[in-house]
Number of protein chains: 2
Amino acid sequence: MGRWEPNARGRLEQAALELYVERGYEQTPVAEITKRAGLTERTFFRHFADKREVLFGGSGRLEELCAGAVAAAPAAATPMEAAVAALDAAAGVFEERGDLVRLRQSVIDANAELRERELIKLASLSGALADALRDRGVPDLTARLTAEAAIAVLKVAFGCWIHGPGKRTLRQLVGECVDALGAAVAGEPA
Amino acid sequence: MGRWEPNARGRLEQAALELYVERGYEQTPVAEITKRAGLTERTFFRHFADKREVLFGGSGRLEELCAGAVAAAPAAATPMEAAVAALDAAAGVFEERGDLVRLRQSVIDANAELRERELIKLASLSGALADALRDRGVPDLTARLTAEAAIAVLKVAFGCWIHGPGKRTLRQLVGECVDALGAAVAGEPA
DNA sequence: GCCGCTCATGACAGTGGCTGCCCTCGCGTA
DNA sequence: TACGCGAGGGCAGCCACTGTCATGAGCGGC
């Protein structure tokens, strides 16, 4: 037993999500979060760069997971196939924690600042994917475009998964979006 | 001659860009901008929702331009062709004001908050493109994916145009990126 | 068994982004 | 002439975030 309760960071994350759900992000001062977590405001900002970041603690691990999936794809896989392997890995993580993901997303969708933060996390993920593709010897332009296309698929598939009727799994939706993107880019008429 | 100098909004935009270039975004308090523009802080926030927004005044017009280009594309054009027409229109605007665009982009690239704001403007543009495509009768999923793909192309082509050797026009780069994206999504090996 | 180091947290003051509220005053209009 | 409108000013205040110093449990070294 230490001088303080353990897992301060985790307590802050949980208290923040709870309060953002209960009152909304904007109506929740950081002081409220730290009060619920039994800590001080100063400590919050030692663990998280800002009030938004507390919702995005897992983004680093997600990047690593996706980059690992690209690296682990068969040598014969095309760049797009390797990127889709990363999306499948990410989809698995989301589906495991479906309820938490939906709760978190409802908070993000309700606030513009949080949507901004989500977009920069996706952009960072796109960069990580592009790096991993380059490590496979994919040329720079192809790597960047493939990564951006993969993120586009993830955005759209994730949106369908969250807001749609919920009959299909996220992995299935990713597959459908990849096909639909292929058809659209190949110039199929509407 | 009114009670005040005319074009307060424009003066604020110009003063802000100048100061962001001279000292950097973070080192420029809003009070400095308003001092240079001969106004008060309160007035700044009447014209712009926040300190970032002053750099993004043109985004609304860009959306309208792109949506108009999609609407104006030939009826026989595929969704992707209509979206590329929008990118060409946008590229034309950027190329007209090349120096200003580069200056502005150097400020944005230097600051994470501004990059976030840029991303949400691009996401908003993607939404406007998707709406315009739906108005052409394009199915929802195809519209969203086509719009996201177009934004991906714009991001990559714009990056090449800004940071590259500068021999090719932005329109040429857009064309090359569209082709490269087509090849990547079609599953060409690296 | 004490010494001193580390390191997570507390305490507190300060900066600056942003807002609400009320005031000012030139202008167009009845 | 009177009146309202609208752009801007003034001011108090909230809150996100930071710099700085203090505190005190755990812990290895001796």
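First the proteins, then the strands, lettered A, B, ... as listed; each starts at 1.
Note on R52(A): only backbone sugar-phosphate atoms sit closer than 4.0 angstrom, heavy atoms only; bases stay farther off. In this structure, T34(A) reaches neither bases nor backbone, as no heavy-atom distance under 4.0 Å exists between it and the strands shown.
The distance between atom CZ of F48(A) and atom P of dT9(C), rounded to the nearest whole Å, is 11 Å. Atom CD in E113(B) sits about 12 Å away from atom C1' in dG16(C), given to the nearest Å. When the P atom of dC15(D) is taken as reference, atom NZ of K35(A) falls 12 Å away, rounded to whole Å. If you take CZ of F45(B) and C1' of dG20(C), they are 14 Å apart, rounded to a whole angstrom. As rounded to whole Å, 10 Å separates atom P of dC15(D) from atom CD of E41(A). Distance R42(A) CZ to dA22(D) P: 16 Å, rounded to the nearest Å. Rounding to whole angstrom units, CZ of residue F44(A) and P of dG10(C) are separated by 14 Å. Summarising the geometry, the separation between OH on Y25(B) and P on dG17(C) is reported as 8 Å, rounded to the nearest angstrom.
L114(B) and L19(B) fall within a single hydrophobic cluster, where Ile, Leu, Val, Met, Phe, Trp and Tyr are joined by side-chain heavy atoms under 4.5 Å apart, directly or via other members. L129(A) and F56(A) fall into different hydrophobic clusters, defined by Ile, Leu, Val, Met, Phe, Trp and Tyr side-chain heavy atoms under 4.5 Å apart, directly or through other members.
At least one cation-pi condition fails for R171(A) and W161(A): the charged atom is not both under 6.0 angstrom from the six-membered ring centre and inside a 45 degree cone around its axis.
Among dG10(C), dT18(D), dG9(D), the nucleotide with an atom closest to any side-chain atom of L39(B) is dG9(D). When distances are taken from the side chain of W4(A) to each of dC11(D), dT9(C), dA16(D), the shortest belongs to dT9(C). Distance from the side chain of T40(A) is smallest for dA11(C) among the nucleotides dG9(D), dG20(C), dA11(C). Between dG20(C), dC17(D), dG17(C), one nucleotide has an atom nearer to the side chain of K51(A) than all others, and that is dC17(D).
H47(B) has no side-chain polar atom (N or O) that falls below the 4.0 Å cut-off from OP1 or OP2 of dA7(D). Distances shown here put every side-chain N or O of T43(A) at or beyond 4.0 Å from the OP1 or OP2 atom of dT9(C).
Each of V30(A) and A8(B) was matched to the nucleotide of DNA chain D holding its nearest heavy atom; the match closer to the 5' end belongs to A8(B).
Panel note: side chain R46(A), backbone E41(A); no donor-acceptor pair is recorded below 3.5 Å.
A donor-acceptor contact under 3.5 Å is not formed by the side chain of R46(B) with the base of dG6(D). Residue side chain R3(B) does not reach the base of dG9(D) through any donor-acceptor N/O pair under 3.5 Å, judged by distance alone.
Within the 4.5 Å cutoff, no side-chain heavy atoms of S59(A) are placed close to those of L125(A).
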